[in-house]
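A, B, ... follow the sequence lines: proteins, then strands. Residue 1 opens every chain. A quick note: this is a predicted structure, and the numbers were derived from the prediction, not measured.
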Amino acid sequence: MTVNNTATDTATDTATDTATDTATDTATDTATDTATDTGSPAVTWTPDELMTVNAARALSGSRTCFVGIGLPSAAANLARRTSEPDLVLIYESGTLGSKPSRLPLSIGDGELAATADAVVSVPEIFNYWLQAGRIDVGFLGAAQVDRFANINTTVIDRGPGRSEGRLPGAGGAPEIAASCGKVLMVLRHSRRNFVEKLDFVTTVGHGSGPGDRARLGLLGEGPVAVITDLGVLRPDPETAQLVLTEIHPGVTVPQVIEATGWKLRIADTVGVTEPPTQAELAALRALKSGGDTRA
Amino acid sequence: MTVNNTATDTATDTATDTATDTATDTATDTATDTATDTGSPAVTWTPDELMTVNAARALSGSRTCFVGIGLPSAAANLARRTSEPDLVLIYESGTLGSKPSRLPLSIGDGELAATADAVVSVPEIFNYWLQAGRIDVGFLGAAQVDRFANINTTVIDRGPGRSEGRLPGAGGAPEIAASCGKVLMVLRHSRRNFVEKLDFVTTVGHGSGPGDRARLGLLGEGPVAVITDLGVLRPDPETAQLVLTEIHPGVTVPQVIEATGWKLRIADTVGVTEPPTQAELAALRALKSGGDTRA
Amino acid sequence: MADIRSLRDAVAELVHDGDTVAMEGFTHLIPFAAAHEIIRQGITDLTLVRMTPDVIYDQLIGMGVARRLVFSWGGNPGVGSLHRFRDAVENGWPRPLELDEHSHAGMANRYVAGASRLPFAVLRGYRGSDLPERSSTIATVTCPFTGEELAAVAAVNPDVTVIHAQRADRRGNVQLWGLVGVQKEAALAADRVLVTVEEIVDELEPRPDAVVLPSWTVHAVAHVPNGAHPSYAAGYTVRDNDFYQAWDPISRDRETFLAWIREHVLEAP
Amino acid sequence: MADIRSLRDAVAELVHDGDTVAMEGFTHLIPFAAAHEIIRQGITDLTLVRMTPDVIYDQLIGMGVARRLVFSWGGNPGVGSLHRFRDAVENGWPRPLELDEHSHAGMANRYVAGASRLPFAVLRGYRGSDLPERSSTIATVTCPFTGEELAAVAAVNPDVTVIHAQRADRRGNVQLWGLVGVQKEAALAADRVLVTVEEIVDELEPRPDAVVLPSWTVHAVAHVPNGAHPSYAAGYTVRDNDFYQAWDPISRDRETFLAWIREHVLEAP
C-alpha cells in the first residue's frame with residue numbers, strides 16, 4: 001500500500017513547507033540515545049527498527065495481511081521471517097502470498113510477483129479479495145491521524161491565504177481500513193502526525209466514536225493498535241479513543257504526550273515493550289540489505 | 001451457445017409429447033429430393049448441409065462471431081474454413097479465437113481452449129467481451145421464433161390441463177441478441193418452430209416492431225437473417241417483420257408458407273440461393289468427420 | 001487452510017441437508033464424483049446452483065436430492081434434453097423442483113457479486129425478456145450518473161461450492177487450467193469449498209491460463225482421479241462424448257435411470 | 001486489427017489535443033517512452049487518467065501537457081512526493097491542474113465499468129471518507145434486494161489507452177505478464193489502444209499469468225525496447241530503483257526539471 005511509505009516523506013515535505021514542530025526528529029534522537037543506554041551493550045537499534053520490530057510483533061497470530069509499502073511492508077516481512085513464517089502477504093499490486101527475500105522498494109518490485117502463490121489483476125485484488133473480507137489484517141501508514149485513528153493522506157490545510165498542501169491521496173486505504181478483519185497502523189510520532197483535527201478524512205478508523213463503524217457499514221473491527229517510534233496506542237473499548245498503552249524502552253510518558261497533538265489519555269498501567277531481540281534485528285537488517293537469514 | 005443445438009432436440013421432444021405437425025420432417029424430405037434432382041449430378045447434399053452452407057455464407061465480411069454450439073458452430077467453423085479464414089470465433093465457455101480442426105460436440109471441448117488466442121473466465125466473456133459490444137455477429141438457434149424474430153427457449157404451452165413443456169432455457173441468448181452488432185439465426189423450418197405467438201419471450205429480436213430495440217436499449221441492430229433448411233427470411237426495414245427473401249434450390253414458395261405458423265410475407269423478388277459448392281461440402285464434411293482439409 | 005482427506009469424509013463434513021450447493025465447471029472439470037458421493041450419503045433438500053445443470057444435476061435431480069434449482073441453461077450439451085430435469089419440472093417426479101432461472105450473463109454476475117461479497121451485480125441484460133417476471137432475484141437499478149436503467153441480479157453465496165481441479169499441492173493450494181469457467185467466483189462466493197483433484201503434487205508449477213485458489217480459501221481437498229468423468233480435466237482426461245450420447249436413452253426412462261444409478265453410483269465405491 | 005508502426009506515427013495518429021488518455025501499468029510496464037513522445041509532439045490539454053500517476057505523469061504534468069488528472073494515489077513509489085504534481089496543484093505551475101480523486105478500489109472499478117461498457121460500477125467503498133464531496137464521479141446506489149446503500153463510481157472510457165507489454169506477434173496480438181495491474185480493463189475501456197512492446201515475435205508462446213489482448217482490440221503496436229524505463233518489463237528489464245530515487249532532487253526544482261526534460265526527452269530520439 002503505497003499510501004503509507006509516503007506518509008513519512010510527505011510529513012518531511014510538509015515540515016519543510018510549514019512551520020510545524022520537529023517532534024519526530026527530537027523523538028528520534030532521544031530514542032536512539034536511550035536504546036544505546038539501556039539495551040544490552042551488544043545490541044543497539046534505531047527508533048525505526050524499534051518501531052518496525054514492534055509492528056511485526058503485532059502481527060502475531062494473523063494468517064493474512066494486506067501490506068502497504070514502506071514501514072508496513074518491512075514489519076510484515078519481518079513477521080514472516082520471525083514469529084509468523086506462514087503469514088500470507090497480499091500486496092495491492094495483485095500478489096497473493098509474496099515471499100520476497102529483500103524488502104521491495106515499491107509494490108511493483110518483480111520479486112513480489114515471482115514469489116507469489118498467485119498473481120491477479122488489480123480489480124480482482126480489490127473486489128474478490130479485499131472487499132470480500134477475506135483478509136485478517138490491514139497494515140497502514142498515515143500522514144495525519146486523529147484520536148479516533150481516522151487518517152488523512154489527502155490534503156493539509158496550510159493556513160489562511162495559502163493553497164492546500166497536497167498529499168499523495170487515498171490509494172487503497174479507505175477500503176483496506178473498511179474491509180480487513182482489523183487494522184494496524186505504524187507511523188512516526190509527532191504533533192504534526194498526531195493531530196487534534198484532521199484537515200481531511202481520507203480513511204475512517206473509528207469515525208467519531210463507538211458505534212460509528214457499524215453505522216457506516218464498515219466490516220472489520222478497525223484500528224486495534226497504532227505503533228510508533230515512541231510506543232503503542234490502542235483504542236479504549238468504551239470510547240474508541242486512542243490511549244497510550246505501551247512505551248518503548250527508554251521513552252517516557254511525558255515525551256509521548258508532548259509528541260501528540262491532542263490531550264492524550266494514558267492507560268492505568270503503561271507497559272514497556274520488550275527490546276528488539278538479536279534475532280529480530282538480524283532478520284530485519286538482512287531483509288533491508290537484501291540478504292536472507294533463513295536456512 | 002448451447003441454447004441453440006438443443007432447439008433441435010427440444011423440438012423433437014416436443015413433437016413427441018404434443019400433437020403438432022411434422023413440417024420439419026416433410027421439408028427435410030422434399031429438400032433432399034430436390035437437391036438430388038437439380039444439383040450437379042456429382043454433388044448431392046442434405047438439407048442440413050444446405051442450411052449450414054448458407055449460414056456460413058451469411059458470415060461473409062464479419063470479423064468476430066459469438067458462436068453457439070450445434071448449427072451455428074458448424075456454420076461459423078465452415079465460414080472460417082472457406083470464405084472467412086480470419087473469422088474470430090468466440091465461445092461463451094471463454095475462448096477468444098478458437099480454431100478447432102473438427103466440430104466440437106460441446107462448447108467445452110478441449111480443442112476450443114487449446115487452439116484459442118486467449119482463454120478467459122465466463123464472467124469476463126460476458127462482461128468485457130459480449131456486453132461491451134465488441135462482437136460483430138451473434139449466431140443463435142431457437143426452439144420457437146415469431147415474425148419479429150423474437151425467440152423462445154424457455155417453456156412451451158402444452159394446452160389446458162397440462163404442465164408447461166420445459167425447454168433448456170436462456171443460456172447466453174438474451175445478451176447475445178442484445179449486444180452483438182447483428183444477429184444471425186439458423187434453425188429448421190416448421191410450423192412448430194415458426195409460430196404465430198411465442199409461449200414465452202426468452203430473447204428479444206425485434207420486439208413488437210420498429211423502434212422497439214432502441215426503446216429497450218438494445219445495442220446491436222438485432223436479427224438480420226434467419227437461415228432455414230427451406231430458405232432465408234430477413235426483417236423488412238419498414239415493419240421489422242420477417243419476410244421470405246430467398247429459397248433454396250428446389251424449394252417452392254408455397255412450401256415455405258406452409259411451414260410457417262404465421263401468414264408469411266414474401267419479398268417482391270424471391271431469390272434462389274446458390275447450391276453448395278464442392279469445396280463447401282468437402283470442408284463441411286471434413287469438419288464433421290474430424291479431418292482438416294486445409295493445407 | 002485446506003485439509004486433504006477422503007471424498008467421503010469431506011462430503012460428510014461439508015455438505016448438509018438443506019444446503020445451497022454450487023457444483024461448477026463450465027462444460028469442463030465438472031465434479032461428477034463428488035455429486036455421486038452426495039447421492040450415496042443420502043443428503044437431501046438441497047438448493048442446487050449451476051449455470052449449466054448438465055448430466056451431473058440430471059442425476060442429482062432424478063434421485064430427489066434437490067428441492068430447488070438455480071440455473072441458466074439446462075440441457076445435455078451437444079445431445080439434447082435433460083430428461084430427469086424435465087420429468088421433475090413437468091411431472092414432479094420424484095419430487096417437485098422449484099426453479100430460479102437466469103441468463104448466463106446474469107448467473108455469471110450473480111457469482112461475481114457473491115465472490116465480491118456485494119449484495120448484487122449490475123449488467124445490461126434481460127431487456128424485453130419475460131425472465132424477470134419469474135424470478136425474485138432479477139430487479140433493476142438506475143445509474144446515478146446517466147439515468148440509464150440496468151438489470152440488477154442478487155448475489156449467489158452458496159453454503160458449499162464443489163469443484164474439480166487438475167492439481168493441489170500438499171498444503172491444499174489448488175490449480176486448474178483450460179476452460180476455467182466460473183469456478184473461481186463460485187468458490188470465493190461460498191462459505192465452504194470442497195475441491196476434488198486429479199493429482200496431489202509437492203509443488204504447483206506455474207501454468208499458462210491457470211487459476212490458483214490459495215489453500216486458505218479451500219476447506220477440503222480430496223484426491224479423486226478421473227473425478228470429472230464423463231466431463232474431463234484438460235491435460236489428464238478427455239471428455240467422454242459417448243457417455244453424454246448414451247445418457248439420453250438411459251435418462252429417458254425412470255427405471256432405466258434408477259438401475260443405472262444403482263449400478264454405477266450406489267453400488268460403486 | 002493492430003498495425004505495427006513507429007512510436008512517432010502511432011502517437012501522432014492516436015493521441016490528440018484535449019483527449020482523455022490513460023497510460024496504465026501498476027508499478028510495472030509503465031509506458032514511459034510513449035509519454036515522452038507525447039511531450040515531444042507538443043500534444044496538450046489532456047485529461048490524464050491513471051491509478052498511480054507516478055513519475056510518468058509527474059513529467060507530463062510538469063511540461064503542462066495536462067489540464068486535468070484522474071487518479072487515486074500520486075506519489076513516487078518508495079521515495080516520496082511527486083514534486084511536479086504538487087507544484088501544479090499547489091501553485092498552478094506551469095498551469096492549474098483539475099483533480100478527480102478516488103481510492104484505488106474506486107478507480108479499479110471505474111475501469112471495470114469502462115471495459116464492460118456499463119455506465120457505472122458498484123463497490124462497498126468510500127464510507128465515511130470526505131472523498132465523495134470532492135468528486136462528481138462518486139455517488140450511491142441502493143441494493144434493490146437488501147436495501148443496502150453502496151458506492152457507485154462512473155465508468156472511465158478514455159479516448160486512448162497506452163500500455164507497455166512484453167511482446168506482440170506480427171499480427172498485433174499483445175501479451176503481457178507479471179504484475180498485470182489494470183491494463184486489460186484500461187485497454188478494453190478505451191476507444192483507441194496503443195501498445196509499446198519489448199519484442200515482436202512470430203508466435204506468442206503461452207506463459208503463466210499472461211494476459212493476451214487480441215489484435216482486433218488494439219489499434220497500433222510500436223516496437224520500443226526498454227520502453228518502460230525506469231519502470232520495467234518482467235523477463236526483459238529490471239526496475240531502475242536508482243532512477244526513482246534520483247527523480248526526487250531532479251523534480252524538486254523547476255529549472256532542473258526542465259533541463260532534464262530537454263536533455264533526456266526533447267533532444268532524445
Side-chain angles (χ1 to χ4, degrees), chain A residues 1-3 5-6 8-10 12-13 17 69-70 92-95 104-110 112-114 118-123 125-127 130-131 150 153-154 158 162-175 178-179 200-204 207 212-213 216-219, chain D residues 25-28 30 51-52 71-83 85-86 89-92 101-109 111-112 123-131 134 148-149 177-185 208-209 211 231-232 234 238-239 241 244-245 248:
Chain A
M1 237 290 303
T2 39
V3 163
N5 69 309
T6 311
T8 311
D9 167 79
T10 307
T12 310
D13 286 354
D17 296 345
I69 271 302
E92 68 189 4
S93 47
T95 65
L105 176 67
S106 97
I107 50 167
D109 274 20
L112 295 180
V119 180
V120 302
S121 75
V122 165
I125 205 84
F126 281 101
N127 290 344
L130 177 64
Q131 177 178 260
N150 303 303
T153 50
T154 302
R158 295 192 295 186
R162 296 200 58 190
S163 66
E164 291 176 334
R166 183 64 226 187
L167 300 176
E175 288 78 20
S179 300
F200 186 98
V201 178
T202 311
T203 298
V204 172
D212 251 29
R213 288 189 64 89
L216 289 167
L218 303 172
L219 292 184
Chain D
F26 200 82
T27 75
H28 173 219
I30 303 176
M51 292 181 65
T52 55
F71 77 112
S72 45
W73 189 81
N76 178 348
V79 179
S81 286
L82 293 176
H83 300 291
F85 160 63
R86 288 185 58 180
V89 173
E90 296 177 359
N91 309 310
E101 185 167 358
H102 282 260
S103 68
H104 277 349
M107 275 298 289
N109 278 292
Y111 279 124
V112 168
L123 70 156
R124 200 177 272 112
Y126 300 105
R127 286 177 168 173
S129 172
D130 290 340
L131 284 166
R134 297 201 179 192
E148 181 179 356
E149 188 176 87
W177 65 84
L179 298 169
V180 295
V182 74
Q183 280 98 308
K184 178 186 272 189
E185 288 76 14
D209 293 321
V211 162
S231 175
Y232 71 109
V238 294
R239 191 173 193 270
N241 285 340
Y244 278 90
Q245 309 265 16
D248 190 77

Under the 3.5 angstrom rule, does the side chain of D:Ser103 hit a backbone N or O of A:Gly171 as a donor-acceptor pair?
no
Region of [X] in contact with chain A, defined by heavy-atom distances below 4.5 Å:
| X | answer |
| --- | --- |
| D:Gln245 | side chain |
| D:Asn109 | side chain |
| D:Val112 | side chain |
| D:Ala105 | both |
| D:Met51 | side chain |

At a 4.5 Å cut-off on heavy atoms, which part of A:Asn150 comes close to chain D: side chain, backbone, both, or neither?
neither
Please flag which part of A:Glu175 lies under 4.5 Å from any non-hydrogen atom of chain D: side chain, backbone, both or neither.
side chain
Closest-packed option against chain D by number of heavy-atom pairs under 4.5 Å, given [options]:
| options | result |
| --- | --- |
| A:Val201, A:Thr203, A:Ile125, A:Val120 | A:Val201 |
| A:Gly217, A:Ala114, A:Ala118 | A:Gly217 |
| A:Pro123, A:Gly94, A:Pro174 | A:Pro123 |

Within a strict 4.5 Å, meaning less than it, do heavy atoms of the D:Trp73 and A:Pro168 side chains meet?
yes
Considering only heavy atoms from C-beta outward, does the side chain of A:Ser93 approach that of D:His28 to under 4.5 Å?
no
Can you name the closest pair of heavy atoms from [X] and [Y] and give their distance?
| X | Y | answer |
| --- | --- | --- |
| D:Arg127 | A:Leu218 | CB-CD2, 3.6 Å |
| D:Gly178 | A:Val119 | O-CG1, 3.4 Å |
| D:Ala108 | A:Val122 | CB-CG1, 4.2 Å |
| D:Glu90 | A:Glu164 | CG-O, 3.4 Å |
| A:Gly172 | D:His104 | N-CD2, 3.5 Å |

Heavy-atom pair count under 4.5 Å with chain A, highest-scoring of D:Phe85, D:Tyr244, D:Trp177
D:Phe85
Sort out for me which of D:Asp209, D:Val180, D:Val89, D:Leu131 touches chain A most, counting heavy-atom pairs under 4.5 Å.
D:Leu131
So how far is it from D:Glu149 CD to A:Leu216 CG, rounded to the nearest 0.5 Å?
11.0 Å
Rounded to the nearest 0.5 Å, what's the gap from OG on A:Ser121 to CD on D:Glu185? Could you check?
5.0 Å
D:Gln183: which residues meet the side-chain hydrogen bond (donor to acceptor under 3.5 Å, both in side chains) condition with it, sequence neighbours left out?
none
